[in-house]
Amino acid sequence: MSKKLVINPKLYDILDNAPEEEVSRQEYFIEKLREEVEEREKRLGRKLKCMVNTFGCQMNARDSEKILGVLEKAGYEEAEDEKHADFVIYNTCTVRENANNKVYGRLGYLGSLKRKNPDMIIALCGCMMQEEHVREKIKETYRFVDLVFGTHNIFKFAELVVNAVYTNKQVMEVWDSTDKIVEELPIVRKYSFKSGINIMFGCNNFCSYCIVPYVRGRERSRKPEDIINEIKTLVEDGVTEIMLLGQNVNSYGKELETPMTFAELLSKITEIDGLKRIRFMTSHPKDLSDELIEVMASSDKICKHLHLPVQSGSTEILRVMNRKYTKEQYLALVDKIRARIPDISLTTDIIVGFPGETEEDFEETIDLVKKVRYDSIFTFIYSKRTGTPAAKMENQVPEDVVSARFDRLLDVVQKISNENMEKLTGFTVEVLVEDVNSQLEGYVTGRLENNAIVHFKGDKSLIGKYINVTLDECKGFYFIGTAKA
Ligand code: SAH
Ligand code: SF4
Ligand code: F3S
């Protein structure tokens with residue numbers, strides 16, 4: 001049975017008076033939301049709370065900081081859990097099926113919370129919402145969801161929430177694409193001392209298994225001056241480590257009015273005073289230039305860590321994946337990087353069980369892993385994504401074969417990364433302290449330049465500081481250490 005649409009007349013008034021220009025428009029809607037939040041707080045006699053739940057990659061994490069920025073500016077405080085929240089938003093990921101299932105799994109629970117607290121607002125955004133079949137399912141099965149939007153109109157978040165607050169029906173607005181990059185909206189950073197920074201959005205590569213280009217749209221680079229100004233402001237605010245974000249940072253700047261390479265951008269960023277560590281993600285091997293290797297080699301600020309997803313060690317599988325390099329080219333690239341930056345830490349992503357992967361193809365992957373000897377690897381079981389070319393391929397690999405291969409790969413990966421990490425034992429390295437350790441009482445956790453972590457004795461006054469730590473004991477993917485006096 002469909003609900004009768006009720007629109008609060010206040011909404012017409014709000015919409016009529018909204019400015020056109022995008023940044024002032026969104027500021028205006030944040031203000032309107034703040035007024036509504038204040039009214040509700042008066043009625044309830046308590047503060048309103050919100051919960052932003054993030055799935056997926058660093059891009060989504062950064063988007064969630066923008067969402068929280070808007071909500072806090074509108075007066076919401078962060079809730080400890082969903083049970084105590086008046087506004088819950090899930091920023092979703094759809095790169096693999098299990099990411100989707102997690103969201104559906106939790107939605108049922110959110111529905112039960114909303115029955116107890118009818119004022120609760122539930123919103124969904126992010127990559128999953130860009131898929132039509134997902135939106136259909138939400139319309140049919142999860143009608144209690146108040147607001148649905150996608151990756152392209154996230155900058156309209158405040159406006160969309162106001163629309164949802166003053167209507168009793170599900171507000172669903174998802175755009176297919178955008179050429180807009182809206183700057184200068186509020187952001188709440190998770191860490192005071194480090195931050196992600198988008199340098200580009202979208203992806204043009206269309207790897208045959210991957211849904212990202214369909215849900216994030218075509219490549220759009222931010223202007224270098226906007227990126228640099230953002231970083232300068234962050235540094236003034238106490239940030240010393242940044243992570244430049246893009247699905248394929250190596251193709252940064254190609255479509256700018258005045259084109260610029262990623263290496264050029266990086267080089268400019270190293271000149272910013274007060275910045276200590278620069279990281280970036282992700283590099284596509286096909287676009288990694290000699291110029292970039294040079295810039296990395298010549299700056300102490302750029303972390304000697306490169307995440308270089310290979311996906312498979314079989315040239316034939318790489319061809320069908322549309323990765324545009326062969327096993328040999330990848331290995332040659334690794335040699336070239338190591339020749340110039342010998343102590344570089346390499347990490348990668350691998351997909352097991354891509355359609356048509358034979359035992360021989362898989363052996364090629366194992367062989368490549370043994371040759372490169374990565375410090376760590378994210379291993380994924382191939383997941384069929386509707387709408388991608390690989391989903392239509394007939395030679396899908398049976399589940400039991402895939403899972404046996406996955407386990408075999410994991411054994412090799414773990415052995416190598418343990419051996420690599422073990423080699424660092426006994427050394428004293430500089431780490432950036434990120435947090436107090438929630439499991440080990442009286443310990444803090446710091447991150448090494450190579451992205452590994454170490455737990456050592458200390459208290460929260462160390463958070464955000466760079467400390468020299470001796471790596472006493474290797475525990476697989478982390479260390480136990482002692483701060484050097
Ligand atoms: N832009 C990055 C990766 C983005 S997605 C790059 O090109 O390297 C992160 C990782 O998820 C990918 O590197 C890939 O290993 C994995 N992945 C993407 N689609 C997948 C799928 N359909 N099944 C399993 N893993 C997938
Ligand atoms: Fe997906 Fe390939 Fe783009 Fe990475 S480069 S986001 S794997 S299509
Ligand atoms: Fe997932 Fe979207 Fe990132 S699909 S991996 S959250 S770009």
Side-chain angles (χ1 to χ4, degrees), residues 53-64 67 90-103 124-131 134 150-152 154 196 198-220 244-252 280-288 306-313 317-318 320-325 330 346-355 357 365 369 374 376-393 396-397 399 402-403 405-406 409 413:
N53 207 336
T54 314
F55 299 82
C57 67
Q58 307 266 357
M59 300 277 172
N60 262 18
R62 186 64 177 157
D63 283 349
S64 287
I67 290 168
Y90 281 8
N91 190 4
T92 62
C93 169
T94 186
V95 77
R96 287 170 291 274
E97 186 69 34
N98 54 5
N100 290 42
N101 291 340
K102 264 190 232 159
V103 170
L124 298 172
C125 67
C127 296
M128 250 176 102
M129 302 307 129
Q130 293 296 133
E131 296 180 278
V134 171
T151 58
H152 298 298
I154 185 166
N198 299 109
I199 63 165
M200 58 197 299
F201 303 93
C203 181
N204 287 355
N205 288 317
F206 291 95
C207 301
S208 61
Y209 50 82
C210 184
I211 192 98
V212 171
Y214 305 89
V215 296
R216 286 272 171 177
R218 296 296 67 71
E219 272 173 21
R220 299 171 310 280
L244 306 173
L245 301 172
Q247 291 300 349
N248 176 14
V249 292
N250 294 333
S251 65
Y252 170 80
F280 53 86
M281 267 188 102
T282 299
S283 283
H284 194 303
K286 81 177 163 65
D287 299 316
L288 196 137
L306 193 58
H307 186 63
L308 197 59
V310 66
Q311 313 300 358
S312 166
I317 294 291
L318 288 169
V320 189
M321 283 179 163
N322 195 28
R323 290 291 290 182
K324 303 203 166 69
Y325 52 84
Y330 185 92
L346 291 176
T347 57
T348 202
D349 293 346
I350 290 178
I351 298 176
V352 180
F354 182 82
E357 183 186 77
T365 299
V369 167
Y374 297 98
S376 88
I377 306 189
F378 293 104
T379 45
F380 303 110
I381 287 183
Y382 167 72
S383 172
K384 201 172 175 176
R385 307 317 288 132
T386 310
T388 62
K392 292 192 214 84
M393 293 176 190
Q396 306 279 330
V397 185
E399 244 173 68
V402 180
S403 102
R405 283 183 193 160
F406 186 81
L409 176 64
V413 167

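Remember, it's 1-based here, ligands and their atoms both numbered in the order they're listed.
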**OP:** Compute the shortest N/O to N/O distance between D349 and ligand 1 and return yes if it is under 3.5 Å, no if not.
**Re:** yes
Original post:
After noting the C-alpha distance and the side-chain angles of V134 and T94, does the key distance pass the side chain to side chain contact (heavy atoms under 4.5 Å, CB included) rule?
Top reply: CA-CA 10 Å; V134 171; T94 186; 5.7 Å; no
**OP:** Take Q130 and I211, measure what side chain to side chain contact (heavy atoms under 4.5 Å, CB included) needs, and give me the verdict at the end.
**Re:** CA-CA 10 Å; Q130 293 296 133; I211 192 98; over 6 Å; no
Original post:
Closest non-hydrogen protein atom to atom 24 (C) of ligand 1, residue and atom name please, with distance?
Top reply: I381 O, 3.4 Å
Original post:
Do ligand 1 and S383 have nitrogen or oxygen atoms that lie under 3.5 Å from each other?
Top reply: yes
Subject >> Residue Q247 vicinity, atoms of ligand 3 by number, heavy atom under 4.0 Å >> reply: 7 (S)
Original post:
Heavy-atom count around F378 CZ within 6.0 Å, excluding the residue itself: above 12?
Top reply: no
Original post:
Taking all non-hydrogen atoms of both residues, which atom of C93 and which atom of A99 are closest, and how far apart?
Top reply: O-CB, 3.4 Å
Subject >> Ligand-residue contact atoms, ligand 1 with Q311, heavy atoms, under 4.0 Å >> reply: 8 (O), 12 (C), 13 (O), 14 (C), 15 (O)
**OP:** Show the numbers, then the answer: is there a side chain to side chain contact (heavy atoms under 4.5 Å, CB included) between F55 and M128?
**Re:** CA-CA 10 Å; F55 299 82; M128 250 176 102; over 6 Å; no
Original post:
Any N or O of T282 that comes nearer than 3.5 Å to an N or O of ligand 1?
Top reply: no
Original post:
Are R96 and D349 close enough for a salt bridge, meaning some N to O gap below 4.0 Å?
Top reply: no
**OP:** For S312 and E357, test the side chains for any donor-to-acceptor distance below 3.5 angstrom and give the result as yes or no.
**Re:** no
**OP:** Classify the angle between the aromatic ring planes of Y325 and H284 as parallel (below 30°), tilted (30 to 60°) or perpendicular (above 60°).
**Re:** perpendicular
Original post:
Can you pull the residues with any heavy atom under 4.0 Å from ligand 2?
Top reply: C203, N205, F206, C207, Y209, C210, V212, P213, Q247, H284, R323
Subject >> Under 4.0 Å to a heavy atom of R96 - the qualifying atoms of ligand 1, by number >> reply: 11 (O), 16 (C), 17 (N), 23 (N), 24 (C), 25 (N), 26 (C)
Original post:
Under a heavy-atom criterion of less than 4.0 Å, does I351 contact ligand 1?
Top reply: yes
Original post:
Can you check whether R385 has an N/O within less than 3.5 Å of an N/O in ligand 1?
Top reply: no
Original post:
Under the side-chain hydrogen bond (donor to acceptor under 3.5 Å, both in side chains) test, which residues partner E219, sequence neighbours left out?
Top reply: S251
Original post:
At what distance is the nearest protein heavy atom to atom 3 (C) of ligand 1, and which residue and atom is it?
Top reply: Q247 OE1, 3.9 Å
**OP:** Side-chain contact test, heavy atoms from C-beta onward, threshold under 4.5 Å: evaluate it for I351 versus Y209 and give yes or no.
**Re:** yes
Original post:
Is R323 touching ligand 1 with its side chain, its backbone, both, or neither, if touching means heavy atoms under 4.0 Å apart?
Top reply: side chain
**OP:** Mind running side chain to side chain contact (heavy atoms under 4.5 Å, CB included) on M281 and V249 for me, showing each step along the way?
**Re:** CA-CA 7 Å; M281 267 188 102; V249 292; 6.0 Å; no
Original post:
If you take all heavy atoms of Y214 and P389, which pair is closest and at what distance?
Top reply: OH-CD, 3.6 Å
Original post:
Which heavy-atom pair separates F354 from S208 by the least distance, and what is that distance?
Top reply: CZ-OG, 3.4 Å
Subject >> atom 8 (O) of ligand 1: the protein heavy-atom neighbour that sits closest, reported with distance to 0.1 Å >> reply: P309 CG, 3.0 Å
Subject >> Polar proximity ligand 1 side, Y382 side, N/O cut 3.5 Å exclusive >> reply: no
**OP:** Give yes or no for whether the N/O distance cutoff of 3.5 Å, strictly under, is met between N248 and ligand 1.
**Re:** no
Original post:
Who passes side-chain hydrogen bond (donor to acceptor under 3.5 Å, both in side chains) against N322, sequence neighbours left out?
Top reply: K324
**OP:** Between Y209 and ligand 1, find which residue part has any heavy-atom pair under 4.0 Å and reply side chain, backbone, both or neither.
**Re:** both
**OP:** Verify the distance criterion only: is there a donor paired with an acceptor across the side chains of R385 and N100 at less than 3.5 Å?
**Re:** yes
Subject >> Contact summary for P213 and R218, nearest pair of heavy atoms >> reply: O-NH2, 2.7 Å
Original post:
Which residue and non-hydrogen atom of the protein lie closest to atom 5 (S) of ligand 1, and at what distance in Å?
Top reply: V95 CG2, 4.0 Å
**OP:** May I ask you to list the protein N, O or S atoms found at less than 2.8 Å from atom 2 (Fe) of ligand 3?
**Re:** C127 SG
Subject >> Given L308, N250, V310, the one that forms side chain to side chain contact (heavy atoms under 4.5 Å, CB included) with P285 >> reply: L308
